[in-house]
Number of protein chains: 2
Amino acid sequence: MTARPDPLTVEVVDLIGTVVARFHEEYERAAAEHSLTGAQARLLRLLAMESMPMRKLAQCLKCEPSNVTGIVDRLESRGLVERRPDPADRRVKLAVPTTEGQATAEHLRTSLDFAREPLGRLTAAERTLLKQLLQRMLGLGDAPDASDSPEAGGPAEGPGRGGA
Amino acid sequence: MTARPDPLTVEVVDLIGTVVARFHEEYERAAAEHSLTGAQARLLRLLAMESMPMRKLAQCLKCEPSNVTGIVDRLESRGLVERRPDPADRRVKLAVPTTEGQATAEHLRTSLDFAREPLGRLTAAERTLLKQLLQRMLGLGDAPDASDSPEAGGPAEGPGRGGA
DNA sequence: TATTGTTATACTCTATAACTATA
DNA sequence: TATAGTTATAGAGTATAACAATA
């Protein structure tokens, strides 16, 4: 419990921490360019992919439903999101992006290209390699057997996951 | 609408997003285990590595100095951090972790082993590779210590064949 | 009775601006 | 004048608990 991991692992963990910090900074900056907070941007992007009830939004955002009320309130007051009744269950309210909300989400996506820029420093082969390593690290789409290394062009094709 | 980056890049960006999301969840969870918020945990970990003035804390945390006042206030009221005068400049206050604060930071570090666990799925060679890719991606100079640059002399070089 | 969404409450984080005490 | 830290203020996110409408 007190034993330190080997130095290599510590170094990689630190690097991941740096990636995380930089990603977050840039995400907030991109959101701010559209006068959105990070939480608002995340919710809007989620809705742009698929309209859903408040409850499900809370699950996706991993927060309490009461918080979603406030975030949607602010987006709605700016005309980016709408609440619609669910004909099937009158308790449910569906959050739906307006046309402007959809457009904003799209702009947001391109603003988020920041994430692409640092990747531009890597060759295609390196990106493939990075993809495979991250997939293995996250336990996605690859064998749990850690005894053979990935081959470019080889093993894992689309795990088609989502979320962020 | 706007041209999308190539699919490979999109995939890698998504993976990084997943890493970021998971890292954050786990960081908050680890902090909460010690009844700390994420911001408090980050500040405490920073101080555990090196005591510093309030101003520098703000720079490290990339927030306004006024915020640091509050965060340190809460940590101080719990006996985890202390404010000490700087003999050289009486305007400056140095934030210093108490013994208990140091211990908490240490526990925090081990709680943060979540970051180590997924890396356990990678072999040492793969971790080295991942390290180099992340360094290049982040625009960090190549490792100062060549000791852990195995046969993968060229970062753009393929994976596998010597490794793992 | 259970579920959906909301309200009310309290706390933390955040930025801005004004203030103090030094320098 | 400039700097370090604080205070005051306001807005946003968060969790908890209580509530209304509906199932």
Side-chain angles (χ1 to χ4, degrees), chain A residues 21 24-47 51-78 80-96, chain B residues 21 24-47 51-78 80-96:
Chain A
H24 253 253
E25 284 168 38
E26 296 297 319
Y27 198 101
E28 294 288 324
R29 186 192 54 65
E33 274 178 13
H34 299 272
S35 301
L36 295 170
T37 65
Q40 289 165 5
R42 275 186 293 278
L43 192 152
L44 186 57
R45 270 165 65 76
L46 217 51
L47 284 190
S51 297
M52 60 184 89
M54 307 294 280
R55 202 99 195 160
K56 190 172 178 195
L57 269 174
Q59 288 166 352
C60 289
L61 295 172
K62 296 186 206 304
C63 70
E64 295 301 312
S66 57
N67 302 329
V68 177
T69 298
I71 300 174
V72 168
D73 278 352
R74 280 159 222 130
L75 289 173
E76 193 168 29
S77 75
R78 288 184 48 189
L80 300 175
V81 165
E82 235 177 46
R83 273 181 247 241
R84 292 196 198 149
D86 181 338
D89 184 338
R90 294 196 325 203
R91 292 173 303 180
V92 172
K93 289 176 189 165
L94 270 78
V96 181
Chain B
H24 253 252
E25 283 168 38
E26 295 298 320
Y27 199 101
E28 294 288 324
R29 187 193 53 64
E33 274 178 15
H34 299 273
S35 301
L36 294 171
T37 65
Q40 288 165 6
R42 275 188 293 277
L43 192 152
L44 186 57
R45 270 166 64 78
L46 217 50
L47 283 189
S51 298
M52 60 184 87
M54 306 293 280
R55 202 97 194 164
K56 191 173 177 194
L57 270 175
Q59 289 165 353
C60 290
L61 295 172
K62 296 185 205 304
C63 72
E64 294 302 311
S66 57
N67 301 329
V68 176
T69 298
I71 301 174
V72 168
D73 278 352
R74 280 157 223 132
L75 288 173
E76 193 168 30
S77 75
R78 288 183 49 188
L80 300 176
V81 164
E82 234 177 47
R83 273 181 247 238
R84 290 194 199 153
D86 181 337
D89 185 337
R90 296 195 326 206
R91 291 173 303 181
V92 172
K93 289 177 189 165
L94 271 82
V96 182

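The figures here come from the full heavy-atom set of this structure, side chains too, leaving out hydrogens, waters and symmetry mates. Only a predicted model underlies this, so the values are computations on that prediction, with no experimental measurement involved. In what follows, chains carry the letters A, B, and so on, assigned in the order in which the sequence lines appear, proteins first and then strands, with residues in each chain numbered from 1.
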| field | Gap between atoms CG and P, on B:Leu36 and D:dT14 respectively (whole Å) | value | 19 Å
| For A:Asp86 and D:dT22, what is the distance between atoms CG and C1' respectively, to the nearest whole Å? | 12 Å
| request: Would you sort out whether B:Glu82 and B:Arg84 count as a side chain to side chain contact (heavy atoms under 4.5 Å, CB included), showing the intermediate values? | output: CA-CA 6 Å; B:Glu82 234 177 47; B:Arg84 290 194 199 153; 3.0 Å; yes
Give every pair of a protein N or O atom and an N or O atom of nucleotides 3-9 of chain D that lie under 3.5 Å apart, one pair per line with the distance.
unit_1: D:dT3; atom_1: O4'; unit_2: B:Arg91; atom_2: NH1; d: 3.4
unit_1: D:dT3; atom_1: O2; unit_2: B:Arg91; atom_2: NH1; d: 2.9
unit_1: D:dA4; atom_1: OP2; unit_2: B:Arg55; atom_2: NE; d: 3.4
unit_1: D:dG5; atom_1: OP1; unit_2: B:Met54; atom_2: N; d: 3.1
unit_1: D:dG5; atom_1: OP1; unit_2: B:Lys93; atom_2: N; d: 3.1
unit_1: D:dG5; atom_1: OP1; unit_2: B:Lys93; atom_2: O; d: 3.1
unit_1: D:dG5; atom_1: OP2; unit_2: B:Arg55; atom_2: N; d: 2.5
unit_1: D:dG5; atom_1: N7; unit_2: B:Arg55; atom_2: NH1; d: 3.4
unit_1: D:dT6; atom_1: OP1; unit_2: B:Arg83; atom_2: NH1; d: 2.3
unit_1: D:dT6; atom_1: OP2; unit_2: B:Thr69; atom_2: OG1; d: 2.8
unit_1: D:dT6; atom_1: OP2; unit_2: B:Arg83; atom_2: NH1; d: 3.3

| field | Audit row: B:Glu25, B:Arg29, salt bridge (charged side-chain N to carboxylate O under 4.0 Å, His left out) steps and yes/no | value | CA-CA 6 Å; B:Glu25 283 168 38; B:Arg29 187 193 53 64; over 6 Å; no
| note | When rounded to whole Å, the CD to P distance for the pair B:Glu25 and D:dA15 reads 12 Å
| field | Heavy-atom check, side chain of B:Val96 versus side chain of B:Leu47, under 4.5 Å | value | no
| Out of curiosity, B:Asp86 CG to B:Ser51 OG, how far, rounded to the nearest 0.5 Å? | 11.5 Å
| Separation of atom CZ in A:Arg90 from atom C1' in D:dA23, rounded to whole Å | 10 Å
What side-chain donor-acceptor pairs closer than 3.5 Å can you find for residues 34-41 of chain A, not counting sequence neighbours?
unit_1: A:His34; atom_1: NE2; unit_2: A:Ser111; atom_2: OG; d: 3.3
unit_1: A:Thr37; atom_1: OG1; unit_2: A:Gln40; atom_2: N; d: 3.2
unit_1: A:Gln40; atom_1: OE1; unit_2: A:Thr37; atom_2: N; d: 3.1

Atom pairs and distances, donor-acceptor, side-chain atoms in residues 66-76 of chain B, under 3.5 Å, two or more places apart:
unit_1: B:Asp73; atom_1: OD1; unit_2: B:Arg83; atom_2: NH2; d: 2.1
unit_1: B:Glu76; atom_1: OE1; unit_2: B:Arg83; atom_2: NE; d: 3.0
unit_1: B:Glu76; atom_1: OE1; unit_2: B:Arg83; atom_2: NH2; d: 3.4
unit_1: B:Glu76; atom_1: OE2; unit_2: B:Arg83; atom_2: N; d: 3.2

| message | Expressed as a whole number of angstroms, how long is the span from A:Leu57:CG to C:dG5:C1'? | response | 12 Å
| said: Whole angstroms only, please: what is the CD-P distance between B:Gln59 and C:dA15? | reply: 14 Å
| note | Of A:Ala39 and A:Ala88, the one whose nearest nucleotide on DNA chain D sits closer to the 5' end is A:Ala39
| request: In whole angstrom, give the distance that lies between atom CD of A:Glu64 and atom P of C:dC11. | output: 18 Å
